[in-house]
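Naming: A, B, ... by sequence-line order, numbering from 1 per chain. Only this structure's heavy atoms are used, side chains among them; waters, hydrogens and symmetry mates stay out.
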Amino acid sequence: MLVMRHISKVFRTDLIETHALRDFSLEVAEGDFVAVTGPSGSGKTTFLNVAGLLEGFDTGSYSLDGVDTSGLSDDARSRLRNEKIGFIFQSFNLIPDLDIFDNVDVPLRYRRMKTAERRERITSALDLVGLASRAHHLPSQLSGGQQQRVAIARAIAGDPKFLLADEPTGNLDSLMARQVMDLLEQINEMGTTIVLVTHDPELARRAQRNVQIIDGQVSDYRPYESHVRPVREAAPQAAGATT
Amino acid sequence: MMGYYLKLAARSLARNPGLTSLMVLAIALGIAVCVVTLTVHHGMSSNPIWWKNDRLYAVTVDAWDPERPANEKRPALPPPDLTWRDAEAITRSDTPQRAVRMFKGYGVLSAGDPASKARPEQVLARVTTADFFDMFEVPFRFGNGWKSAADTGPEPVIVLSEEMNEHFFGGADSVGKTIRWDDREYRVIGVLEHWHPAPKFYDVNNGAFDDPEEIYIPFGWTDKLELRSAGNTNCWKPEDIQSFADFLRSECVWLQVWVELPDAAARERMQSYLDNYVAGERRNGRFQRPNNNRLTKVDQWLADNDVVGNDSPMLVALAFAFFTVCLINTVGLLLAKFLGSAALTGVRRALGASRKQIFLQHLTEAGLLASLGAALGVVLAGAGLWGLRIMYASPREGLTGLMHVNAWSLVITVALAIGASLAAGLYPAWRVGRLAPAVYLKSQ
Ligand SMILES: Nc1ncnc2c1ncn2[C@@H]1O[C@H](COP(=O)(O)OP(=O)(O)O)[C@@H](O)[C@H]1O
Ligand SMILES: [Mg+2]
């Protein structure tokens, strides 16, 4: 469960103050697949960065999986981020001089984990995205869609509860975009909560829940209790898959 | 984790070989210049007989001009050399375990065997009493020095340097052979091993970094042959010097006196012997300056005589300044490099790296760079010293004694270099650790 209450985030430069988030409240429940849409500059990325503990905030409260994040040290925030959160970016952000295997290895390196376990997790993550055979290729030797699938493998290798994806299909053609979306759905069905920022209405429609951010706020925010349960969860076979 | 950081550092350094070589070269040059300078400085200023520093003493007394000190720049010091009669009186004490009086002479050395084709050589001679060799631990290849009986005789015996033995006897054992010095024949009784104390502590007033003398002659020949010093003879008193005997009686200083005193008690006894002697001479109208009877240890002796030249600390300071410039360059390049890959750092942060882990990762890279720089620096320093050795090598080896790299100073410099380079990496590593990751991710 990810709970943000009355968060405000202001960027101050010499010339201007930008209120990127204002009185921003949102809950994301375990197992959700939330699509976030909104105009450019409305605060979507800022929301993801705050949610992913990459960025602090000025006022309000944020608890992640039951942990109140305010006042945590950098070490604690980093550990929490490493264990609970996987990031996927629009531009893949693979590390160019590490091969695919070593890229997926990165988040695992920041935990105390035995070599054998790391190896096993990397292999199974690469298996899931269908790129196990490319483990020793460099990122530059893969297509954009493949690179994004590696990034997904890297994001889930540590088995995080939350996957935060910032326009992951923005740099991909529609076929590859659909493949990535299929993959995200598959991961969500295995229990990972996903927050997906996207411009593509077609992809947004495939999520269980849609949230629109306008001008630093969720435009149609209602407290969690009054949510209508999403369609897919109501379907008996899908409900069976999530429990 | 260290292993992982090292692997990342190696990858990162390999990714940009041009920049990496530039940084390694900057560190290496800085280190090389420092090692070369320190080695030369160390050779020039170090005490070549440090292990006897507590036993060997240069003896000086002040029989100089009542009106002015012997050394205007250092008025507290007595003259570094002694008069004939003071040298004789002082070495008459039976307190020292060993004692020498001596001076630097000269003459022409020629083959004793008329059949020899070796050219005659103009040589410098150390005219000394017998204890010289044991006292200064002079190494012998063949034979040895003379007994003190040879001084009083005096006996026509001679000790040759390694180089002279090479020149006249082709390096063979020449003990028992004859050789001519000026117009007399001497019997070779010893040949030295390679021996180049630097500085030449036992006679700093006559070329502190000169090579040792080429031959050694018993002191007793001085008055027999009326030998004069090839070094400094300094006189202050207007005296009527007609004969050699007049010269020996004069207040001119030209002899070096050293004593070996095994312990503090001996030292005290020697000091009071000196004080008594000077007090007696005072009653004869000599020694009209303040009492200044000194027993000076080798290290102090070198310092008193400015053997550590003033330009040496300056040179060392310059070398370190150069090193600092090299390091600052490296800091700049490292900073540019680390900040240049800020986006990748942002990715690592997003994947769970803490600030500390990012800092350590980059510090490791700086450390690896520093180690490479240090390794190359040592190689460059070796080449530099080798070059100096070739440049300064006179036919008789010149300054080579100075150029032996002291293992200790090498270790210290390298440790210092790695430490300094790490310090140079601290700031860039810290800066990159402080980057707000989100900014760099967003700009993608
Ligand atoms: N580091 C920053 N410094 C200053 N302004 C920023 C910074 N990051 C974002 N902003 C501003 O905050 C607002 C929200 O940005 P962002 O969250 O990136 O929007 P979105 O992802 O919805 O396009 C924008 O007006 C943007 O210019
Ligand atoms: Mg954005």
So do Asp102(A) and Tyr4(B) actually touch side chain to side chain, heavy atoms under 4.5 Å? no

Show your working on side-chain contact (heavy atoms from CB on, under 4.5 Å) between Arg109(A) and Gln361(B) and close with a plain yes or no. CA-CA 12 Å; Arg109(A) 284 289 185 163; Gln361(B) 178 197 329; over 6 Å; no

Mind listing the closest non-hydrogen atom pair of Arg355(B) and Asp74(A) along with its distance? N-OD2, 2.7 Å

Side-chain contact test, heavy atoms from C-beta onward, threshold under 4.5 Å: evaluate it for Val347(B) versus Leu94(A) and give yes or no. no

Any non-hydrogen side-chain atom of Ile95(A) less than 4.5 Å from a side-chain atom of Arg348(B)? yes

Would you call Arg11(B) and Asp97(A) a salt bridge, taking side-chain N to carboxylate O under 4.0 Å as the test? no

Note: vs chain B, highest number of non-hydrogen pairs under 4.5 angstrom among Asp75(A), Leu48(A), Asn82(A) is Asn82(A)

Please indicate whether Arg119(A) has more than 12 foreign heavy atoms, meaning atoms of other residues, nucleotides or ligands, lying under 6.0 Å from its CZ. no

Can you see which heavy atom on Ala350(B) is nearest to which on Phe87(A), and at what distance? O-CD1, 3.4 Å

Which heavy atom in Ala353(B) sits nearest to a heavy atom in Ser78(A), and how many Å separate them? O-OG, 3.6 Å

Residue Glu120(A) excluded, over 12 heavy atoms near CD under 6.0 Å: no

Contact origin within Arg349(B) toward chain A - heavy atom pairs under 4.5 Å: both

The interface call for Arg111(A) against chain B, heavy-atom contacts under 4.5 Å, is neither

